[in-house]
Amino acid sequence: MSKPEFVYTTYIETSAEKLWQALTSGDFTERYWFGHRVTSDWQVGSPYRFARQGAPSVEGKVLVSDPPKRLAYTWDPCSPDARREPTSRVTFDLEPRGKVVKLTVTHDNLDEGGKTFRDISGGWPMVIASLKSLLESGKPLPADLVSNCAAEPSTKPEFIYISYIETTPEIAEPDKAVRA
Amino acid sequence: MNIDQFKPMIVYTIYIAATPEKVWEALTSAEFSRKYFFGNAVEVDLKVGGAYIVHAPDGAPQISGEVIECDPPRKLTVTFNVNWPALIEKLGATLVSWEIEPAGDVVRLTMTEAHDRPLSDDILSGGRSGWPAILSSLKSLLETGQALVIKMEPPRQMLAALKAMGIETP
């Protein structure tokens with residue numbers, strides 16, 4: 001049975017090394033990830049955690065750490081209602097293209113129709129846009145973006161459903177995929 | 001044209017630190033589009049039924065369409081047909097819309113590509129790789145004054161699929 005997969009691509013004028021640092025440094029993420037600070041030693045198998053003002057928001061373990069090309073980790077939101085959902089997986093692929101880097105975020109092993117799937121479909125475009133702004137202009141997007149968007153009625157959920165779900169014939173378990 | 005028959009197949013959302021008016025101008029002016037749209041110049045008669053044309057860098061009309069919805073600076077919907085022989089006949093029209101929504105001090109831009117029949121992932125791969133590059137560059141242009149210089153691979157998967165359907169490509 002196939003599961004939904006969310007894929008988001010952007011291009012950022014920066015180096016792969018700087019982009020890697022932005023994805024893995026707490027000082028960086030706190031600035032563009034709307035206050036969420038990440039902590040980890042980024043060794044495969046190590047835990048990582050995002051926290052906002054000290055309150056844990058997302059945690060998991062590092063699956064792939066291949067600087068500055070590929071980073072993958074499991075994704076367990078710390079909110080009580082999302083905790084019941086299966087652990088999903090996030091992979092960042094960084095590909096230099098001349099003076100810019102192509103960044104592809106793939107979030108898979110998602111529960112179709114689950115809270116995590118809804119949250120990340122709206123969330124990744126905001127986080128990645130803010131990351132791009134910070135690296136290119138020195139200014140992240142405003143920290144109140146998330147609350148401003150949450151206050152509006154969610155637009156056309158069926159659009160997001162159709163576009164972002166790319167069903168794949170088979171998605172391996174995270175651990176198996178890493179070994180493969 | 002009945003746009004209700006069109007189903008969204010590619011959606012790309014991007015947040016831009018700019019005003020809705022600036023984003024609208026970038027989407028509808030040749031001067032802006034040359035910078036972020038691989039040198040292509042957008043020329044649009046901003047009224048329902050008006051012509052929407054994209055000129056290649058050499059001046060040749062590459063995409064021809066018609067304005068379906070025009071609500072500045074909120075929504076623009078056009079038919080977006082690449083001028084390759086037999087493309088329309090085999091794939092039907094392509095409908096593209098841009099929706100501009102203020103989100104606090106920034107703008108959420110949502111691009112939707114819709115079609116009136118099912119299309120394969122191979123055919124859609126061209127748009128799936130092209131739109132993120134175009135719209136990422138548009139964001140850079142509006143936020144930093146400089147569009148991106150992106151080395152893009154030709155959309156081989158899409159070109160091969162079009163060829164297999166008997167559509168001639170350049």
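Each chain gets a letter, A, B and so on, in the order the sequences are listed, and its residues count up from 1.
Checked by atom type, the side-chain pair Glu136(A)/Ser140(B) shows a donor-acceptor distance below 3.5 Å. For the residue pair Ser136(B)/Thr10(A), the side-chain donor-acceptor check at 3.5 Å is satisfied.
Taking every heavy atom of both residues into account, Thr13(B) and Tyr8(A) meet most closely at O-OH, 2.5 Å. The nearest pair of heavy atoms linking Val100(A) to Ile150(B) is CG2-CG1, 4.0 Å. In this structure, Pro132(B) and Thr9(A) approach most closely via the heavy-atom pair CB-O, 3.5 Å. The two residues Arg97(A) and Lys151(B) have their closest heavy-atom pair at CD-O, 3.6 Å. Looking at every heavy atom in both residues, Gly122(A) comes nearest to Tyr15(B) through O-OH, 4.4 Å.
The closest side-chain heavy-atom distance from Ser137(B) to Tyr11(A) is not below 4.5 Å. Here the side chains of Glu143(B) and Leu141(A) are in contact, with some heavy-atom distance below 4.5 Å.
Under the 4.5 Å side-chain contact rule for hydrophobic residues, Phe80(B) and Ile88(B) do not share a cluster. Residues Met111(B) and Val82(B) are members of one and the same hydrophobic cluster, defined by side-chain heavy-atom contacts under 4.5 angstrom among Ile, Leu, Val, Met, Phe, Trp and Tyr. Side-chain heavy atoms closer than 4.5 Å link hydrophobic residues (I, L, V, M, F, W, Y) into clusters, and following such links, even through other members, never connects Ile53(B) to Val48(B). In terms of hydrophobic clustering, with Ile, Leu, Val, Met, Phe, Trp and Tyr side chains grouped at heavy-atom distances under 4.5 Å, Val54(B) and Leu46(B) are assigned to a common cluster. If you chain together hydrophobic residues whose side chains sit under 4.5 Å apart, Met9(B) and Met165(B) fall into the same group.
Atom-to-atom distance recorded for Asp105(B):CG and Asp144(A):CG is 6.5 Å, nearest 0.5 angstrom. Between Lys102(A) atom NZ and Met152(B) atom CE the span is 7.0 Å, to the nearest 0.5 Å.
Environment of CD in Gln146(B): sparse, with no more than 12 heavy atoms of neighbouring residues, nucleotides or ligands closer than 6.0 Å.
Applying the salt bridge (charged side-chain N to carboxylate O under 4.0 Å, His left out) test to pairs two or more places apart or on separate chains, none has a residue in residues 28-44 of chain B.
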